[in-house]
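Working notes, structure below.
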Protein chains: 2
Amino acid sequence: MEKKAAKPREDQRVRLTKQMIQGAFLELLNQKSIQNITVKELCERAGVNRGTFYLHYHDVYDLLDQMQKALLAELNALLDGTPVLFINTPRETSGAFITALVQFFDNNRELCAVLLGENIDKKFLAAVIDAPRDKSVREYRALFPNASRQKIEIFYYFIAWGFIGLIQQNLRHPSAFSFKTLVSSAERIITEGVQFLAEPDG
Amino acid sequence: MEKKAAKPREDQRVRLTKQMIQGAFLELLNQKSIQNITVKELCERAGVNRGTFYLHYHDVYDLLDQMQKALLAELNALLDGTPVLFINTPRETSGAFITALVQFFDNNRELCAVLLGENIDKKFLAAVIDAPRDKSVREYRALFPNASRQKIEIFYYFIAWGFIGLIQQNLRHPSAFSFKTLVSSAERIITEGVQFLAEPDG
DNA sequence: AAAGATAATCAACATTGTGTTCATAAATAG
DNA sequence: CTATTTATGAACACAATGTTGATTATCTTT
């Protein structure tokens with residue numbers, strides 16, 4: 001049996017401190033690469049003592065890690081329950097998961113833009129790509145029992161990278177196209193391939 | 001008029017030094033993230049004086065940059081001459097560019113695996129994605145005059161990310177599938193979408 | 001509201017890597 | 001062979017790191 005720890009609710013001081021630090025961190029990440037961000041300047045900007053920083057994080061990369069992990073926990077929660085497939089079968093509308101996924105990126109726009117941006121390593125990207133993999137592959141296997149596992153994985157990775165690529169593009173240039181356009185376009189590309197370019201919009 | 005500098009051919013000592021440093025760098029990058037690599041340990045492993053390192057590079061990230069730039073110059077050379085399109089039109093075979101591109105990754109396997117791996121930022125990835133963009137978009141516009149620029153760019157990014165995703169997957173797990181399989185699969189996914197999974201192999 | 005527990009602050013400290021400099025030795029190109 | 005270029009080794013000031021201990025401030029619980 002698991003004991004539901006009934007979260008003691010984090011000390012308000014800790015919450016505020018972390019909030020200040022993470023806020024300053026995001027500001028800095030919008031200005032420069034992570035390797036040029038020092039604990040010292042981060043704390044000065046956050047208005048927090050440097051010693052306090054080390055009370056919560058081992059270093060700047062640990063801070064990044066913790067923020068990533070929190071986000072990924074949120075993302076993984078989306079995987080429970082709903083089927084995951086980008087498309088259920090040709091021409092159907094997008095599932096609940098894909099909607100929730102897009103909303104997830106929209107809700108965490110600033111942080112996701114940084115984590116998927118050029119200044120930071122690919123650990124978050126890799127985690128996002130891999131998160132829905134197993135479940136997705138299973139669903140594809142059910143839909144296409146004759147397709148080999150290799151084939152399905154190739155298809156999965158192609159689609160997943162393509163989709164995240166569009167997400168990244170949107171996060172960097174929000175005005176280029178909307179998330180709504182993104183989802184419907186991805187759906188049509190997945191179901192029809194290049195035909196997408198030949199057909200009329202809508 | 002440009003004066004073709006007729007490269008004076010780099011001093012042998014310099015060539016050897018850089019080779020040693022870059023070799024040690026790759027070794028280290030296979031072991032740990034770049035942020036944990038210090039100039040000191042890098043030079044010790046390379047058997048090069050630390051002062052010598054600073055004679056050629058400003059810091060570890062400058063070293064990375066120079067290696068990236070050299071690779072990207074090679075890649076951009078592939079863009080001259082040949083048409084670039086992943087597929088010319090449904091069901092045709094892949095063009096010269098895509099073949100050269102795959103060979104490029106194969107020839108520079110170790111370095112590309114690192115540059116597209118998780119430990120490093122996304123600058124190289126972004127550059128690889130964007131390199132063929134303009135040319136590619138132009139060619140798509142010619143093939144599909146009725147498609148909007150937005151539509152074409154969306155298609156381009158989806159395909160480009162998907163393709164590089166498969167490349168990355170292969171670089172990390174070379175045994176999962178061959179480059180040959182990769183190319184033919186990508187072609188079929190692009191032309192047919194999910195149908196790819198329904199059809200028999202080959 | 002008081003008491004005990006927890007967190008934040010501040011100053012100090014040893015440590016480590018950085019980036020530069022200089023004199024010297026070694027290798028190279030012409 | 002000679003002038004030039006490069007690598008070496010040691011020394012240096014500097015900056016950020018990560019930790020410590022004493023003190024103050026703030027929370028939580030009763």
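Reminder, nothing fancy here: chain letters follow the sequence lines and each chain counts from 1.
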Out of C:dG19, C:dT28, C:dT9, minimum distance to the side chain of B:D11 belongs to C:dT28
Minimum-distance nucleotide (side-chain atoms of A:T17 versus C:dT9, C:dA8, C:dT18): C:dA8
Most 5' of B:Y54 and A:G47 on DNA chain C, judged by nearest nucleotide: A:G47
Residue met sooner reading DNA chain C from 5', once A:G51 and B:T38 are mapped to nucleotides: A:G51
Looking at A:Q12, does any N or O in its side chain come under 4.0 Å of the phosphate oxygens OP1/OP2 on D:dT28? yes
C:dA7 phosphate, OP1 or OP2: any side-chain N/O from A:H56 under 4.0 angstrom? no
Is any side-chain N or O of A:R13 under 3.5 Å from a base N or O of D:dT26, one able to act as donor and the other as acceptor? yes
May I ask you to verify whether the side chain of A:R50 and the base of D:dG18 hold a donor-acceptor pair under 3.5 Å? yes
From CA spacing to verdict: ring-ring contact (aromatic ring centres under 6.0 Å, His included), B:Y140, B:Y156: CA-CA 9 Å; B:Y140 275 123; B:Y156 172 77; 7.5 Å; no
Rounded to whole angstrom units, what separation is found between the [atom1] atom of [X] and the [atom2] atom of [N]?
| X | N | atom1 | atom2 | value |
| --- | --- | --- | --- | --- |
| A:D62 | D:dG18 | CG | P | 10 Å |
| B:L42 | C:dG19 | CG | C1' | 15 Å |
| B:F53 | D:dA7 | CZ | P | 13 Å |
| B:N49 | C:dA27 | CG | P | 15 Å |

Could you tell me whether A:D65 and A:K69 make a salt bridge, using a distance below 4.0 angstrom between a side-chain N and a carboxylate O? yes
Between B:E41 and B:R45, is there a side-chain N and carboxylate O pair less than 4.0 Å apart? no
Apply ring-ring contact (aromatic ring centres under 6.0 Å, His included) to B:F25 and list each qualifying residue two or more places apart in sequence or on a separate chain. none
